[in-house]
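Side chains are part of it too, since the values below use all heavy atoms of this structure and drop only hydrogens, waters and symmetry mates. Letters go in sequence order (proteins before strands), and every chain restarts at 1.
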Amino acid sequence: MLGRTLREVSTALKQGHITPTELCQKCLSLIKKTKFLNAYITVSEEVALKQAEESEKRYKKGHSLGDLDGIPVAVKDNFSTSSIETTCASNMLKGYVPPYNATVVQKLLDKGAVLMGKTNLDEFAMGSGSTDGVFGPVKNPWSYSKQYREKRKQKAHGENEDSNWLITGGSSGGSAAAVAAFTCFAALGSDTGGSTRNPAAHCGVVGFKPSYGLVSRHGLIPLVNSMDVPGILTRCVDDAAIVLGMLAGHDPKDSTTIQDPVKPFTLPTSADVNKLCIGIPKEYLAPELSSEVRSFWSKAANLFESEGAKVIEVSLPHTSYSIVCYHVLCTSEVASNMARFDGLEYGHRCDINVSTEAMYAATRREGFNDVVRGRILSGNFFLLKENYENYFIKAQKVRRLIANDFVNVFNSGVDVLLTPTTLSEAVPYLEFIKEDNRTRSAQDDIFTQAVNMAGFLSCLQDCQQ
Amino acid sequence: MSSLLSAPSALREDALRRLKREMWARAVKLGLRSWVGWRRGFTSKADPQRSGRVTAEVIEHLERLALVDFGSLEAVARLEKAIAFADRLRAVDTDGVEPMESVLEDRCLYLRSDNVVEGNCAEELLQNAHRVVEEYFVAPPGMCSPKWLNRLSLSELRI
């Protein structure tokens with residue numbers, strides 16, 4: 001039952017094959033069994049069982065709230081959840097209990113979803129491995145798959161079973177692992193530079209990044225206000241469409257959500273790609289791309305072509321600068337967004353009481369890890385008066401050029417771009433930590449962040465399915 | 001301090017300026033030089049590949065602005081690398097290109113009507129703070145209190 005899709009389980013619930021409480025208990029038990037993955041920071045057992053009970057009452061009366069009623073879901077721990085600790089995997093917010101739900105969380109709950117818990121991430125969503133949070137790294141469920149274990153046995157003998165586990169990618173690694181391990185049917189992540197799509201790729205699940213402005217950011221603890229979007233992780237595209245349908249739409253509490261009404265939609269049962277024009281950006285053929293990913297990319301393009309789609313090469317000329325541009329804009333906005341953590345109104349507060357400056361500085365030193373502090377310092381450097389024009393404004397201009405690249409391609413008749421998400425498959429943790437966070441993010445976000453800067457939607461599906 | 005508070009504003013400003021000069025003098029006496037020496041140590045031990053953009057003055061300035069300290073040589077090196085990385089943008093020709101602040105720049109930002117529809121949640125909000133007195137968040141004293149002036153340690157002063 002737990003390996004089914006959201007739609008299948010929803011049908012099972014409606015037909016009475018399983019009750020919401022039974023489903024919830026199965027998921028809770030699997031969460032306990034897979035605790036070693038470290039996918040969850042908080043498991044909201046009592047809350048989940050209560051929600052499941054209420055869902056069951058609704059089903060008995062024939063008043064189900066829809067496809068999400070009774071469905072176990074998980075939420076990344078940078079979304080505010082009322083009365084449930086929200087930490088962003090940081091010492092700064094350990095013990096912080098928000099007094100409200102993020103809009104997307106509220107929407108899920110209003111549709112009857114059952115909240116299993118808050119998932120692990122890189123601290124403040126900064127990273128591409130889900131290895132830099134204060135609660136420890138997240139392990140990729142595929143590290144324990146038969147295929148990977150066979151592969152490892154061939155390479156090294158007598159090795160400790162657990163020493164070479166694979167990373168999940170990040171920063172929404174906990175959410176991706178939770179979905180991949182069957183402990184929930186959908187999870188919320190956040191996507192600023194690829195943080196939903198990267199772990200989705202490494203964990204073999206669907207990662208969907210909506211267009212900027214489609215889904216509310218109210219309650220999502222912000223990283224980069226002009227690029228953040230809530231992301232959706234599910235086991236199939238149809239499930240992602242169901243969840244998107246529930247979440248999309250204008251939110252008066254987030255003035256950056258577009259006001260156009262969102263028309264309800266369903267995906268066609270059979271995809272007709274005859275009229276589709278697919279673009280392959282030539283600049284994405286990076287030398288660092290692994291041969292395996294390249295071959296899957298090629299296979300996917302050939303598949304579309306054989307089904308009647310038009311597949312052409314296109315150019316996004318500023319691709320090589322987009323990661324640099326992202327780096328400047330991201331650190332600058334982070335420097336601003338992290339300024340709110342001063343220990344006064346919420347979050348960690350140190351014991352120093354000499355002066356406000358001393359207290360702020362010590363609180364922030366104790367509360368943030370090196371990665372966060374590094375980005376704050378870089379951001380402040382780029383925003384200094386003498387650097388503002390040459391770095392921040394320059395990056396904003398380059399951002400326009402990157403966004404224009406996409407607009408030009410889509411205006412020339414291309415409907416969708418087909419690209420890889422990551423340079424290679426998931427790497428072992430011991431390999432990943434050989435480089436620092438900034439270097440890894442620059443390498444791993446190479447395909448994903450351009451779309452965040454241009455604001456477009458992006459969906460990732462595992463090639464091996 | 002109470003005499004300062006009750007004096008007319010012009011006198012108060014003058015007294016404040018005198019106080020600030022005394023504070024700085026005291027800071028120098030307390031070993032400002034040794035602290036600057038430590039900072040210089042950061043950059044003098046630099047490896048030859050660094051651009052030298054991150055001088056002691058820049059470090060001091062950034063730490064004060066960000067209220068986050070570098071804490072180590074590695075952190076300074078990381079900033080240097082980040083700057084070198086960002087310098088690649090110079091190669092892009094952006095003549096005549098307007099900066100892009102938001103991808104939704106062609107739309108009007110939504111403003112809701114100016115009516116009070118929620119609030120009255122002071123108690124809930126105060127619950128998350130460590131130090132609270134009645135409905136106030138309690139902050140340590142700012143720069144102009146006697147406690148601050150009489151402190152001896154420079155790092156505690158965060159000058």
Side-chain angles (χ1 to χ4, degrees), chain A residues 96-97 99 212-213 226 250 252 255-259 318 321 324-325 327-328 331 335 342-347 349 352-361 364-365 368 370 373-374 376-382 384 390-391 393-401 403 436 438 442 453-455, chain B residues 53-54 58 61-72 74-75 78-79 81-83 85-92 94 97-104 107-112 121 124-131 137-143 145 147-148 151 153 155-158:
Chain A
Y96 168 66
V97 180
Y212 183 82
S226 69
H250 175 62
S255 54
T256 59
T257 50
I258 54 170
Q259 293 159 68
H318 295 93
Y321 298 106
V324 187
C325 176
H327 159 74
V328 174
T331 49
D342 56 20
L344 274 183
E345 304 94 339
Y346 44 75
R349 178 174 172 147
I352 293 178
N353 253 326
V354 177
S355 70
T356 40
E357 267 200 309
M359 191 276 273
Y360 290 166
R364 290 157 73 79
R365 190 189 321 127
F368 292 141
D370 283 343
R373 280 165 39 213
I376 294 173
L377 289 164
S378 301
N380 274 294
F381 180 85
F382 298 134
L384 288 177
N390 293 330
Y391 289 95
I393 301 288
K394 180 81 180 180
Q396 286 190 318
K397 291 180 181 176
V398 176
R399 182 178 182 175
R400 183 177 296 284
L401 293 175
D436 70 35
R438 193 196 62 80
M453 287 200 288
Chain B
R53 296 281 300 274
V54 187
V58 169
H61 190 38
L62 285 178
E63 287 194 341
R64 202 172 339 120
L65 278 179
L67 282 175
V68 155
D69 36 2
F70 278 84
S72 67
E74 280 84 28
R78 273 199 292 266
L79 177 60
K81 278 198 206 141
I83 298 168
F85 190 60
D87 280 338
R88 292 194 211 174
L89 284 181
R90 287 172 204 256
V92 187
T94 50
V97 180
E98 285 299 303
M100 179 185 238
E101 279 162 9
S102 166
V103 295
L104 300 178
R107 294 168 185 262
C108 251
L109 198 67
Y110 168 76
L111 292 175
R112 65 178 173 84
C121 50
E124 268 181 295
L125 294 175
L126 291 167
Q127 263 168 29
N128 273 312
H130 282 265
R131 247 159 264 193
F137 293 112
V138 178
M143 279 175 58
S145 70
K147 252 194 193 174
W148 195 87
R151 276 284 153 195
S153 149
S155 60
E156 285 177 87
L157 281 173
R158 300 298 305 181

Counting heavy-atom pairs under 4.5 Å to chain B, which of A:F368, A:Y360, A:Y96 comes out on top?
A:Y96
For a 4.5 angstrom cut-off between non-hydrogen side-chain atoms, does A:K397 reach B:E98?
no
Please classify the contact of A:V328 with chain B as side chain, backbone, both or neither, using a heavy-atom distance under 4.5 Å.
side chain
Note, B:L62 side chain near A:L384 side chain (heavy atom, < 4.5 Å)
yes
Is the backbone of B:A86 close enough, under 3.5 Å, to the side chain of A:H327 for a donor and an acceptor to pair up by distance?
no
Heavy-atom closest pair (A:H318 atom, B:V92 atom, distance to 0.1 Å) is CD2-CG1, 4.1 Å
Min side-chain heavy-atom separation B:L125-A:E345 under 4.5 Å:
no
Are side-chain heavy atoms of B:N128 and A:P99 found at a separation under 4.5 Å?
yes
Can you tell me which of B:L126, B:L65, B:V58, B:L104 forms the most heavy-atom pairs within a distance under 4.5 Å of chain A?
B:L104
Counting distance only, does the side-chain N/O of B:H61 pair as donor-acceptor with the main-chain N or O of A:F381 below 3.5 Å?
no
Looking at A:Y212, A:Y391, A:Y321, which one has more heavy-atom pairs under 4.5 Å with chain B than the rest?
A:Y391
At what distance, to the nearest 0.5 angstrom, does CZ of B:F137 lie from CZ of A:R349?
10.5 Å
First locate atom CD of A:Q396, then atom CE of B:M100, and finally report the distance between them rounded to the nearest 0.5 Å.
10.0 Å
Report which part of B:C121 has an atom under 4.5 Å of a heavy atom belonging to chain A: side chain, backbone, both, or neither.
neither
Do the side chains of B:V103 and A:M453 get nearer than 4.5 Å, heavy atoms only?
no
Below 4.5 Å from any heavy atom of chain A, which atoms of B:A139 appear? Answer side chain, backbone, both or neither.
both
Are the side chain of B:D69 and the backbone N or O of A:A361 linked by a donor-acceptor pair below 3.5 Å?
no
Give a yes or no answer on whether the side chain of A:R373 reaches the backbone of B:V68 with a donor-acceptor pair at less than 3.5 Å.
no
Measure distances from A:A335 to the heavy atoms of chain B and classify the residue's part below 4.5 Å as side chain, backbone, both or neither.
neither
Interatomic distance, CE@A:M359 vs CG@B:L67, rounded to 0.5 Å, equals 10.5 Å
Looking at A:S226, A:G347, A:A403, which makes the most heavy-atom pairs under 4.5 Å with chain B?
A:G347
Kindly write out the residues that satisfy salt bridge (charged side-chain N to carboxylate O under 4.0 Å, His left out) with B:R88, not counting sequence neighbours, or none if the list is empty.
none
One should read off an interatomic distance between A:D436 CG and B:K81 NZ, to the nearest 0.5 angstrom, of 6.0 Å
Quick one: which of A:L344, A:V398, A:T256, A:L377 has the most heavy-atom pairs under 4.5 Å with chain B, could you say?
A:L377
Most chain A-contacting option - heavy-atom pairs closer than 4.5 Å, from B:H130, B:E124, B:R90, B:E74
B:H130
Could you look at B:E101 and say if it's the side chain, the backbone, both or neither that has a heavy atom under 4.5 Å from chain A?
both
When only pairs under 4.5 Å are counted, which of A:G379, A:P252, A:G213 shares the most heavy-atom pairs with chain B?
A:P252
So which part of A:A454 gets closer than 4.5 Å to some heavy atom of chain B, the side chain, the backbone, both or neither?
backbone
Restricting to non-hydrogen atoms, name the atom on A:T356 and the atom on B:P140 that form the minimum distance, rounded to 0.1 Å.
CG2-O, 3.1 Å
Which bit of A:D342 comes within less than 4.5 Å of chain B, counting heavy atoms only: side chain, backbone, both or neither?
neither
Who among A:T331, A:N380, A:D370, A:I376 has the most heavy-atom pairs with chain B under 4.5 Å?
A:N380
Mind checking side-chain hydrogen bond (donor to acceptor under 3.5 Å, both in side chains) for A:H250 and listing every partner two or more places apart, or none if nothing turns up?
A:T257
Go through B:L79, B:L109, B:L111, B:L89 and name the one with the most non-hydrogen pairs under 4.5 angstrom from chain A.
B:L89
Side chain from CB out, backbone as N, CA, C, O: work out which of these in B:F85 comes under 4.5 Å of a heavy atom of chain A, or both, or neither.
both
Please assess B:T94 against A:I393 for the test side-chain contact (heavy atoms from CB on, under 4.5 Å), listing each intermediate value before the final yes or no.
CA-CA 10 Å; B:T94 50; A:I393 301 288; over 6 Å; no
